[in-house]
Amino acid sequence: MQAIVSHTKLNDAAGALKAPPTPGQALQSFAENRRSFWIILSLAVLFAAWEIAGLVPISFAFPKFSETVLAFVEMVADGTMIYAYFLTLQPLVLGVLISAVVGIGLGIAMGLSNKIEWLLAPVFIVLQAAPMAALVPLVTFIYGIGLTAKTLAVVMLALPVIVLNSYKAVRHVNPSLVDMCRSFQGTRKQQIFKIIIPDASPVLFAGLRLGIAAGFIGVMLAELLITPTGIGDLITYHRSVANYGHMYASVASIIAVSTLTLAGLQYFETNVLRPEKRRK
Amino acid sequence: MTLFGIRIPMMMSLVMWAVLWEVVGRLDLIFLIPPMTSVISAGMDLVQTGSWQNATLITLRSFVFGMALAIVVGVPLGVLMGRVRIIDNIFGLWVNMFVSAPLSALVPILMILFGLGETTVFVTVFLFAVWIIVLDARAGVMQVPPSLIEMGRCYGASRWTIFSKIVLFSALPEILAGIRIGLIRGVKGVVIGQILVSIIGYGELFELYSRSFDMERFWALTLILFAAAMLLSAAVELFEKRIEYYAGAR
Amino acid sequence: MANAALSRTQGQLAVTCEDAIVQVRDIGKNYGDVEALRGINLEFQRGKLTTLLGPSGCGKTTLLKIIAGLVPASSGEICVNDKVVTGPGPERAFVFQDFALMPWATVMRNVGFGLELRGVPAIERNRVARRYIEQVGLAGFEEKYPHELSGGMRQRVGIARAFAVNADVLLLDEPFSAVDEQNRRKFQEDLLRLVDLEKKTFIFVTHSIEEAVYVSDRIVLLSPRPGRISQVIDPMIDRTASPDDIRRDAGYLNTVEEIWQGLRQYAE
Amino acid sequence: MANAALSRTQGQLAVTCEDAIVQVRDIGKNYGDVEALRGINLEFQRGKLTTLLGPSGCGKTTLLKIIAGLVPASSGEICVNDKVVTGPGPERAFVFQDFALMPWATVMRNVGFGLELRGVPAIERNRVARRYIEQVGLAGFEEKYPHELSGGMRQRVGIARAFAVNADVLLLDEPFSAVDEQNRRKFQEDLLRLVDLEKKTFIFVTHSIEEAVYVSDRIVLLSPRPGRISQVIDPMIDRTASPDDIRRDAGYLNTVEEIWQGLRQYAE
Amino acid sequence: EPMRIAFGDIATVESLHLLIALERAKEKGVDIKVTFLKSEDIAAQAVVSGQADIGIGGPYALLQKVKAPIRIFMQLSKLQFYPVVNTQFYKGWKDLDGQEIAVHSRGSGTEAIMKLMADKNGIKYSNIAYVPGAEVRTGALLQGNVKATIVDSSGKRVLESKAPGKFTFLPLGEVAATDEALFANTTYLKSNSKDVETLVEAILTTWREVAANPKSVAALREKYKLLPDATPDMIAEIEPYFTEAAPGMPLNGGGENAARDDFAFYTISGALTGKPEDLKVADFWSLDALNAVLARAGTK
Ligand SMILES: Nc1ncnc2c1ncn2[C@@H]1O[C@H](COP(=O)(O)OP(=O)(O)OP(=O)(O)O)[C@@H](O)[C@H]1O
Ligand SMILES: Nc1ncnc2c1ncn2[C@@H]1O[C@H](COP(=O)(O)OP(=O)(O)OP(=O)(O)O)[C@@H](O)[C@H]1O
Ligand SMILES: [Mg+2]
Ligand SMILES: [Mg+2]
């Protein structure tokens, strides 16, 4: 952080030595150097707009931003929010774990074997493109209302994404690396574990991240469609008793949690795994 | 893509799964899976009912309007983000956030802002589809080979000419890819919107059939939707291939 | 043959001559903290082919783009036909290393694109384009798309496009580097023919010492970053001789060896 | 110097000699409808460097991969050390055009990878790897990752890896094509040094006529698709001479010219 | 300006009488536009935010908390639910001590009934799962995913026909509380009193007609061309459903008495806070329209 700031100062100093920049240029260089500034600015604008819309109010069911924040603080303080996340994260984590293990396994198998590809690829392509939300209520009929059903809903959304990305990852492994391994008489097992999986791992991980994004959608659908628990329960319950601030706080919190999770994973992906793939 | 290179074997595998389904259905293991043949015949009946036609009309209307708006807003916004740094900074956060956010959680709120019924569904479609269109259009514009732009400048092209004659054409394959993914997401959006808020269109039918345990019709409707999603994306893909044919190997 | 050639080497000082079409005056260029070029003074003579040669990253492309007006210099100025220029102009045309062809346009439209941008009507520009397509040996390929052509053919399209706008100065950045070696050799011979035919001024960037010596009237050697002029060499080769004779010419071989000895210290 | 060189050209017939380490017998290859190679008969002599040269797409890479056992031939057979081979073997090592380095592994692990696959313990393979890293001039870079190296250095890693498994035959597919020209020239000189030092058999693919003549004991010219042997040339150049002298040698220049005249008809 | 009604359910056989009443109100010149929504709470939210004029549901919890002046103006149905257990596991109320049960949603009438019965029987559930939709709970029972829950009358019939003897319906004391009611914003009720009265009257007369002759529903469905794509199965359901529902149908639109009953019931269930006797009917109900109609049509 500090390094970035001082770098900016250096640039400014160098710029000042030469021609004074026009206001447009100055704005542009400012915009380029302070990304975080724009993030904060756009957040501030949104929150202000929200507060004003709540003050008007555009609807009795539209709370002010401050009301929402208060509701959020209240729910965190009395533990309901934390307990809700405890409940929501169970099917999510479980579902994503199952999807990851099964999905990466199936995806790699599909990538390695043409027969398995022929058998499974079309199914997963259809499943990924299909509106799976329609099928979520069916889960209840078989698996009832508990953790199993919700986990299954998460799997239904996350699995196709992970399978297809893993499959793609394996298919896009650098062929000359595979040839290299063969030319050194590597066994098939060595080929898979020493070349294919390491080379595919960045795409595998990216697929996992997309799978987690799909899992969040799945768990929300499950909690809104199957039975309300966790965050889904907070949303429906507070709506049914007209605590709209609490309802909004719950919705905003799940979106924020998913965004932060995904951003964290992306950061991990670009900075820890395979630094050579890092973009400038 | 490689999958579509071997289209016929792929179809064959789906046929095999359908046969398996038929067998499971005939064994009468669970009421959830009726035989494929009865699903198909229920589908034949279904498409002749007024309520299906009506639901299709409503669903299509929300979908078409939502997609049209997503394209009309998404492509220019993405192009602008790719070209103008400040706009990119302002919108970048939101686009990246919403492209993978659990929008299903947001749907209950949309109703408050956009009212009951079709408008909310239409907005849901828009929200599901627009972000990926923006991101792909942005990526397309940013991927324009710098030498092409320099070439334009060399021959004295104005900024506008470079934009309209080079940048847009060059970004077209990515823009189309974004629209294709957007279409698939839009189909998901229309279903989620209809199921979560207003019980209209296909959402109503799904609710009705699952409540009355009418599994034949339920699956028939599901298959129609799945097929529609696949056909839509295949159609855009076909178009994309033609464009890529011109765009060649970049 | 061998005695017809004479190689002359000059020091750091700028060469002055009566007919300089492009003058580079004290050009420097910084990319942020990176100093790419420093104090470049050069004159390019009308109707001659001058090559910029130097180790990777020494600023050859940067200098060429500054002359083209595509990249602003940090200091100094460029004069073309005795007028200071600050941006691209109709008297200069650029040929790109990666060809910069529009993949969605036919060969005809690509070649005529410079004219299209100038508002020349279609009939007229197609006539001109067709002429240059023929001249670079692509007659019959007018309606093909770039992806249907080989690398060498694509670069010919790029060259035809530059010719079509009838600029005085052609700037070529490693035009043959994406072309395979055997075609490249053919290209070099074709280029000499075109230089002779079109009587234009060429400024050429390459990594290949042989290529530079083979095609150039003058070679400017740049030192590693920050790029400065380290040597100016006039190969003085009799280009009326056959390609094979040129490549056996002692002057040619001496010049190649001399340049290689100058550059090899910069190779890894 | 010039009189020390002698260029000999032979016709279509296969060359027989007492010490052929690799024998290519009547090899043909079809990719679906595309006939890439037809009726190739060749012998590669132990301890010599043989180059495959030909126009783009004539099947050089295909032939090299068939010899390596990476691609199955459609007809014919390959003998190495008088045994018919059908797949990769420890006596042959391949150097890839795109380097084929594992981006997640250090230089050390990349170079020792062939040994790792054979189950050689880490201490032993690091010792060997270190020796070859030094030999290709990369001492000090053992713990770097490929993305931290330049193109030329990466190819050196690829070559060191091939040396490390101590194969008899090294197969190199355009190893220098991704390296810039000035470094390439340096590489060629280094390669000659390594050939001399390691006493291995090299089979080399290149597009560059000069490179082929400069480094080869024998050059096999292939005709365009379907690839057949059109000429076999032994440059007979005295490699004890200095690089500059070799490049001025009349035999060298004649061979280059002769090959060029044979290939130019295939250039676009 | 049509009268916008938000219905927190889809149109099924069970809502036929309401659909008939709406058609009749239309005949009387009230322009009605019905929107079918996913759930009652969304319908309530639509009324609160002004996107619908009239909502259908049992929004006592909402009424107590919401800032908007929403009032109930007519009762449509009373709670008619049947606690049911899988005989394989439980026989009576006592067996449910420390067990998990499933109800419709938090604060719903079904939850209230189950809590009430727990109190009466001196037991405690280990957990209450929320499974919206009586038919979903019915299906879950049949599948064996739920062992104890509470279903509606059609669910009861399904259970009795599909798995006779497998389930036991537990005894229930007298429960008199609103299941569904009509509610609206007070300003809307004031400025559209004519239309509202027409609607109330149409419902009241239809209810009385159906209660007197449950068979008439099927004929009226034909007359008004309602549920055109209903399957034969669904049509066969109509008569038994209304025959069973008829005795429990409120024929006087609820009113003050119903409100009092509701206070007693929903304070126990937890949907309403405070003591029943402290709650004011005027805070929850707007009786003007109903009283005007009853004055005309008489009470039954
Ligand atoms: N847009 C840029 N931003 C920052 N640095 C740059 C930029 N363009 C070039 N440079 C740096 O300036 C120096 C000169 O670059 P330039 O491309 O002109 O070299 P070059 O001689 O053409 O190299 P090559 O032989 O590899 O083509 C290099 O060190 C390069 O890293
Ligand atoms: N996997 C493949 N499938 C189908 N055709 C192939 C395949 N590999 C090569 N070919 C075809 O076989 C011919 C010979 O290819 P190959 O790569 O061996 O040529 P090459 O001489 O190495 O060419 P270059 O000089 O461009 O490297 C080419 O026409 C190519 O199109
Ligand atoms: Mg360059
Ligand atoms: Mg090749």
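In this text the structure is predicted, and so the values were computed from the model without any measurement. Chain naming here is simple, since letters A, B, ... match the order of the sequence lines and numbering starts at 1 in each.
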inquiry  = Would you say NZ of E/K190 has more than 12 non-hydrogen atoms from neighbouring residues, nucleotides or ligands within 6.0 angstrom?
reply    = no
request  = Flag yes if more than 12 heavy atoms outside A/F86 fall under 6.0 Å of its CZ atom; otherwise flag no.
outcome  = no
query = Any chance OH of A/Y83 has more than 12 other-residue heavy atoms, nucleotides or ligands included, within less than 6.0 Å?
reply = no
ask   = Looking at A/S240 and E/L62, what are the two nearest heavy atoms and their distance?
value = O-CB, 3.4 Å
key: Closest non-hydrogen atom pair, A/T236 against E/D41   = O-OD2, 3.6 Å
request  = May I ask you to name which of E/L142, E/L63, E/V48 has the most heavy-atom pairs under 4.5 Å with chain A?
outcome  = E/V48
key: Considering all heavy atoms, the nearest E/K65-A/Y237 contact   = NZ-OH, 4.3 Å
note = So, the part of A/F62 with a heavy atom under 4.5 Å from chain E: the answer is neither
